[in-house]
Amino acid sequence: MAHFNKLQFSNFRAFQEPVTIDFSEITVLTGANNSGKSSFLKALQVLKNNLQLSVFSDLNFAQGTHNLGDFNSTKNKDTPENSINISLVCTTDVKENNAEENNAEEKVCFDLRYAPFPNFTEKAYLKGLNLGLIHGEQYYNILEFNCNFNNHLPFDERIEVHINLQNFIEKKNNKYNYLFDENELRHKLAASAYELSSLSSSIDDDITLSLEGKANDMHPSRFPAFLEANINTDLWNWLFEEDFWESEEGQSFFEAYNGREIDEDEDEFDYRYKAMNYVFDDILNLNSVASDIHEWITLKLDNLLHLIQNIHHLGAFRGESKRIYGFSESHSIDAILFDLGQRYDMLRSNEKAFLNKWLSEFGIGDELVVQRLPGIGTIVKIKSKGKEYSLADLGFAYAQLLPIIIKTVLIANESVEKLSTIEFDLDFGGAKKPKEPKKEKAYTYNTTLLLLEEPESHLHPKLQSQLADFFGLANNLFNIHFIVETHSEYLIHKLRYLVLTKEIKPQSVNIYYIDGLNAKASERIKNIRIRQDGTLTNDFGGGFVDESSRWMELLKVSPN
């Protein structure tokens with residue numbers, strides 16, 4: 001199922017050199033304050049806020065939840081380059097006709113380069129895009145798009161597009177291998193219905209290499225119209241030259257194609273053109289090649305757009321407790337609770353069960369009571385032990401925690417792909433399990449991504465650790481991936497425990513410690529994995545998990 005694998009950027013905020021993080025089902029970002037943790041979330045947020053309709057949309061730095069300001073405040077202050085680079089590696093579905101299985105997947109990489117509009121730095125345009133396939137550890141570029149923003153140039157001269165035809169054929173569709181094999185090319189031409197043996201015998205190594213070099217690049221007049229353009233190769237240019245047609249081979253080919261000699265008064269150019277179209281369209285199938293490239297690139301761009309659209313975000317401050325939540329207010333909890341009021345009756349049974357389970361697990365209550373006030377807002381109350389309580393009468397921490405629970409359920413509710421019958425078990429994270437899991441109708445959920453800033457805010461340490469159980473179950477049931485920016489060692493320790501008890505797989509958790517004091521970008525990002533025995537592959541920086549043990553050690557030697 002399609003999902004993000006990797007994020008890399010450079011010249012972005014605190015990071016001049018390229019920095020990379022690999023995504024897991026639960027990706028944790030931690031480190032000192034002002035170390036650059038939020039840059040990873042903001043890079044995804046700015047794409048989410050702007051690329052809703054097209055991958056080629058401009059970035060608006062002045063609007064959206066990212067709060068970046070403008071291009072100059074977003075670009076790294078030390079870089080001499082006037083661009084921001086963001087790369088995404090994604091696993092995408094393969095739905096072409098030649099896919100061996102319906103659930104086949106392939107890994108692709110998108111490199112996006114942005115530059116500011118002249119005299120308007122609140123926005124940036126897409127200066128460049130590279131799209132390529134990843135096989136193993138090797139990258140094979142397929143599409144290169146470049147834009148030169150110059151108002152003095154006509155549109156078709158601002159855009160440059162290159163297609164690496166050989167990489168596409170070798171890695172995606174080898175039925176066209178004959179285009180890069182001299183013997184195969186000779187055979188295909190010689191075996192044609194019009195007996196073009198004279199043409200095939202005229203092809204030598206130089207022509208084959210020239211064909212390969214030219215076919216690597218398609219230069220259409222505009223983008224994305226190139227997807228429908230014919231591929232111009234040196235073989236075409238060679239056939240079009242006068243010298244070829246005046247040669248013995250050219251005349252032989254010409255007469256073989258037309259079936260007769262041409263009178264001097266007839267339009268020989270028209271016959272040549274038809275003959276060449278026959279070679280390219282009917283024999284070499286270059287129109288079919290262009291169609292396949294069109295289909296693949298369009299599918300990959302749609303895949304990226306869909307993944308970006310499925311990014312969700314919750315900031316560190318999620319709102320406050322109120323008696324009525326209005327739909328026109330900007331706080332996250334207002335929008336989320338209003339959305340819940342709109343969709344509460346449409347929640348599926350497993351989604352409501354998940355919601356009620358975590359209301360109970362976190363000690364909030366037994367269930368939500370949602371009342372819509374048309375034109376005014378939404379009243380949300382907590383039902384606990386038969387009594388109803390307003391959120392305004394509960395602790396402030398619940399106003400920070402409740403949006404996380406509800407947002408997760410709402411994300412799940414809108415990401416269902418299809419119905420299936422599976423074992424449905426809500427117990428997770430060491431809770432007592434029923435002897436026989438219930439079998440009932442459940443759903444297949446598309447992969448979504450939730451960016452969470454400081455979910456532990458205002459929470460008791462026990463509740464902080466329970467967040468790990470919450471993330472694990474939400475991923476298991478709803479296929480939601482999480483990127484969590486946190487300072488909570490309790491959350492990390494609980495994730496280690498869940499790996500130890502085999503309730504979460506080691507590869508499902510990826511931790512990054514960002515050291516803001518290190519000048520080198522490559523050394524500022526420390527990757528830490530959890531082994532099956534719960535131990536860590538690397539140490540955190542000083543002042544994090546060692547801080548409590550340091551104070552406990554000092555207290556032991558205290559005279560009091």
- Note on the structure: When rounded to the nearest 0.5 Å, the distance separating CZ of Arg323 from CG of Asp393 is 4.0 Å

- May I ask you to check whether Glu25 and Asn475 show a side-chain donor-acceptor distance below 3.5 Å? no

- Item | Backbone of Arg531 reached by a side-chain donor or acceptor of Thr535 within 3.5 Å | no

- Task: Among Leu495, Leu452, Leu450, Thr408, find the one that has a side chain to side chain contact (heavy atoms under 4.5 Å, CB included) with Phe471.
- Result: Leu452

- Query: Would the Phe145 and Phe56 ring centres measure less than 6.0 Å apart?
  - Reply: yes

- Query: Does a side chain donor of either Asn510 or Asn527 reach within less than 3.5 Å of an acceptor in the other side chain?
  - Reply: yes

- Salt-bridge test for Glu106 and Lys300: reply yes if a basic N is under 4.0 Å from a carboxylate O, no otherwise. yes

- Message: Taking Gln63's backbone N and O only, do any of them form a donor-acceptor pair with His66's side chain (distance below 3.5 Å, no angle check)?
- Response: yes

- Query: Between the main-chain N or O of Asn60 and the side-chain N or O of Asn50, is there a donor-acceptor pair closer than 3.5 Å?
  - Reply: yes

- Query: Going by atom types only, do Tyr176 and Asp292 share a side-chain donor-acceptor pair under 3.5 Å?
  - Reply: yes

- Is any side-chain heavy atom of Cys109 less than 4.5 Å from a side-chain heavy atom of Val89? yes

- Message: Quick one: does any side-chain atom of Gln8 pair with a main-chain N or O of Leu88 as donor and acceptor, under 3.5 Å?
- Response: no

- Message: With no hydrogens and no angle check, just 3.5 Å: does a side-chain donor-acceptor pair link His306 and Asn310?
- Response: yes

- Can you spot which of Val370, Leu355, Leu359 makes a side chain to side chain contact (heavy atoms under 4.5 Å, CB included) with Ile406? Leu355

- Exercise: do Asn85 and Ser10 side chains pair donor with acceptor under 3.5 Å: yes

- Side-chain donor-acceptor pair present, Gln464, Ser488, cut-off under 3.5 Å: yes

- Query: Does the side chain of Thr91 pick up a donor-acceptor pair with the side chain of Asn5 at under 3.5 Å?
  - Reply: yes

- Note on the structure: Separation between CD (Gln342) and CG (Leu410), nearest 0.5 Å, reads 11.0 Å

- The side chain to side chain contact (heavy atoms under 4.5 Å, CB included) partner of Tyr512 among Val19, Thr20, Asp22 is Asp22

- Query: Which of these, Ile514, Thr27, Leu451, sits in a side chain to side chain contact (heavy atoms under 4.5 Å, CB included) with Phe40?
  - Reply: Ile514

- Side-chain donor or acceptor of Glu485 paired with backbone N/O of Glu454 under 3.5 Å: no

- Within the 6.0 Å centroid threshold, strictly below: Phe12 and Tyr114: no

- Does Pro455 reach the side chain of Phe482, with side-chain heavy atoms less than 4.5 Å apart? no

- Query: Any side-chain heavy atom of Leu29 within less than 4.5 Å of one from Ile21?
  - Reply: yes

- Task: Please round to the nearest 0.5 Å and tell me the distance separating atom CD of Gln400 and atom CD of Glu456.
- Result: 11.0 Å

- Do Ile483 and Phe23 come close enough that some side-chain heavy atom pair is under 4.5 Å? yes

